[in-house]
*Asks:* 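Quick one: the structure is below, questions incoming.
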Amino acid sequence: KMTILESLSRKSLRYIATIGISLFTACKEVKTEISDVLHEDGKVVDLVYSPSNHGTGIGPTVDLTGDGGMGIAVTSVDIPEKYAVVFRCQHGKFIIEGTDEKYKNLWSRLEENQEVDITYRERYKITYDDIDNDGKKEPIEKRLIKYDFLDAQPKN
């Protein structure tokens, strides 16, 4: 059996360890931050439309577990239509694609080889730390992790 003193001693060590780890890791703070809206000149390289596909079919199946045998399976397909636009800009080529109205509208108002004003935001992971012990955390690392496409408007 454990004595009361031993029990308190073990609990105290756990609390001290937890506080120590908390103090050590509390120094640095990592945040995701998003830039203001940015603009970039671009060009529409390609417009892609993939029609919806719906249906049901019956076909053979093969048992690949080693027991052998064949069977019949009913397969349903329900793929929505998809709209995509391929752009070229200073960052290279990129594609914007989706199935909802937002992508359909973008796809329908653009033309191949059209010059566009692309709006986007940059998403960063920024690590902050109080490196000069003044009580204020300063950024010590800033890493671009993603471009968030917002829109593309034809240029006149």
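Because only heavy atoms are used, hydrogens play no part in the values below, and waters and symmetry mates are left out as well, while side chains stay in. Just so you know, these numbers come straight off a predicted model, no measurement behind them.
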*Asks:* Run I126 and V30 through side-chain contact (heavy atoms from CB on, under 4.5 Å) and show every step you take.
*Replies:* CA-CA 6 Å; I126 303 176; V30 178; over 6 Å; no
*Asks:* Answer with yes or no whether the side chains of E97 and Y83 bring together a donor and an acceptor at under 3.5 Å.
*Replies:* no
*Asks:* Which distance, rounded to the nearest 0.5 Å, do you find between the CD of E112 and the CG of L47?
*Replies:* 5.5 Å
*Asks:* Side-chain heavy atoms nearer than 4.5 Å, only ILVMFWY residues, links allowed to pass through others: does that put F87 and L38 together?
*Replies:*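 Linked, F87 and L38 end up in one cluster.
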*Asks:* Going from CD on E33 to CD1 on I145, what distance comes out if it is rounded to the nearest 0.5 angstrom?
*Replies:*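 With rounding to 0.5 Å, CD (E33) is 10.5 Å from CD1 (I145).
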*Asks:* Can you confirm whether Y124 sits close enough to R143 that some side-chain heavy atom of one is under 4.5 Å from a side-chain heavy atom of the other?
*Replies:* no
*Asks:* So how far is it from D130 CG to D132 CG, rounded to the nearest 0.5 Å?
*Replies:*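 Spacing of CG (D130) from CG (D132) equals 5.5 Å.
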*Asks:* Say you draw a straight line from CZ of R123 to CG of D148; how long is it, rounded to the nearest 0.5 Å?
*Replies:*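 That separation rounds to 4.0 Å.
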*Asks:* Do V86 and W107 share a hydrophobic cluster, counting only Ile, Leu, Val, Met, Phe, Trp and Tyr and linking them when any side-chain heavy atoms are less than 4.5 Å apart?
*Replies:*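 They do not share one cluster, since no chain of ILVMFWY contacts under 4.5 Å joins V86 to W107.
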*Asks:* Mind checking whether Y49 and I96 sit in one hydrophobic cluster, side chains of I, L, V, M, F, W, Y counted as touching below 4.5 Å?
*Replies:* yes
*Asks:* Ignoring hydrogens and geometry, is there a side-chain-to-backbone donor-acceptor pair from D129 to I131 under 3.5 Å?
*Replies:*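 No, D129 side chain to I131 backbone: no donor-acceptor pair under 3.5 Å.
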*Asks:* Could you go through the side-chain contact (heavy atoms from CB on, under 4.5 Å) check for K43 and V116 one step at a time?
*Replies:* CA-CA 6 Å; K43 187 174 190 176; V116 291; 5.9 Å; no
*Asks:* Going by heavy atoms in the side chains, are S52 and I79 under 4.5 Å from each other?
*Replies:*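 No, side chains not in contact.
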*Asks:* Given side chains that start at C-beta, do those of R121 and D36 come closer than 4.5 Å, heavy atoms only?
*Replies:* no
*Asks:* Is the number of heavy atoms from other residues, nucleotides or ligands under 6.0 Å of R88 CZ greater than 12?
*Replies:* no
*Asks:* Return yes if a side-chain donor-acceptor contact under 3.5 Å exists between D151 and Q153, otherwise no.
*Replies:* yes
*Asks:* Would you find more than 12 non-hydrogen atoms of other residues, nucleotides or ligands less than 6.0 Å from K93 atom NZ?
*Replies:*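 Count not over threshold, so no.
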*Asks:* I need the L106 CG to F149 CZ distance, nearest 0.5 Å.
*Replies:*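 If we round to the nearest 0.5 Å, L106:CG and F149:CZ are 5.0 Å apart.
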*Asks:* For E138 versus K136, what's the shortest heavy-atom pair and its separation?
*Replies:* OE2-O, 2.9 Å
*Asks:* Nearest 0.5 Å, what's the SG-OH distance between C89 and Y120?
*Replies:*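 One gets 7.5 Å once the value is rounded to the nearest 0.5 Å.
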*Asks:* Report yes or no: do Y147 and E122 form a side-chain donor-acceptor pair below 3.5 Å?
*Replies:*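 Judged by distance alone, the side chains do not pair up.
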*Asks:* Are K82 and Y103 in a cation-pi setup, meaning NZ or CZ lies under 6.0 angstrom from the ring centre and within 45 degrees of the ring axis?
*Replies:* no
*Asks:* Checking side-chain contact (heavy atoms from CB on, under 4.5 Å) for the pair N113/V44: CA distance, chi angles, key distance, verdict?
*Replies:* CA-CA 5 Å; N113 297 314; V44 177; over 6 Å; no
*Asks:* Hey, are K155 and D117 close enough for a salt bridge, meaning a charged N less than 4.0 Å from a carboxylate O?
*Replies:* no
*Asks:* Side chains of T32 and K125 only: does a donor on one sit below 3.5 Å from an acceptor on the other?
*Replies:*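 Their side chains do contain a donor-acceptor pair, which is all the 3.5 Å distance test asks for.
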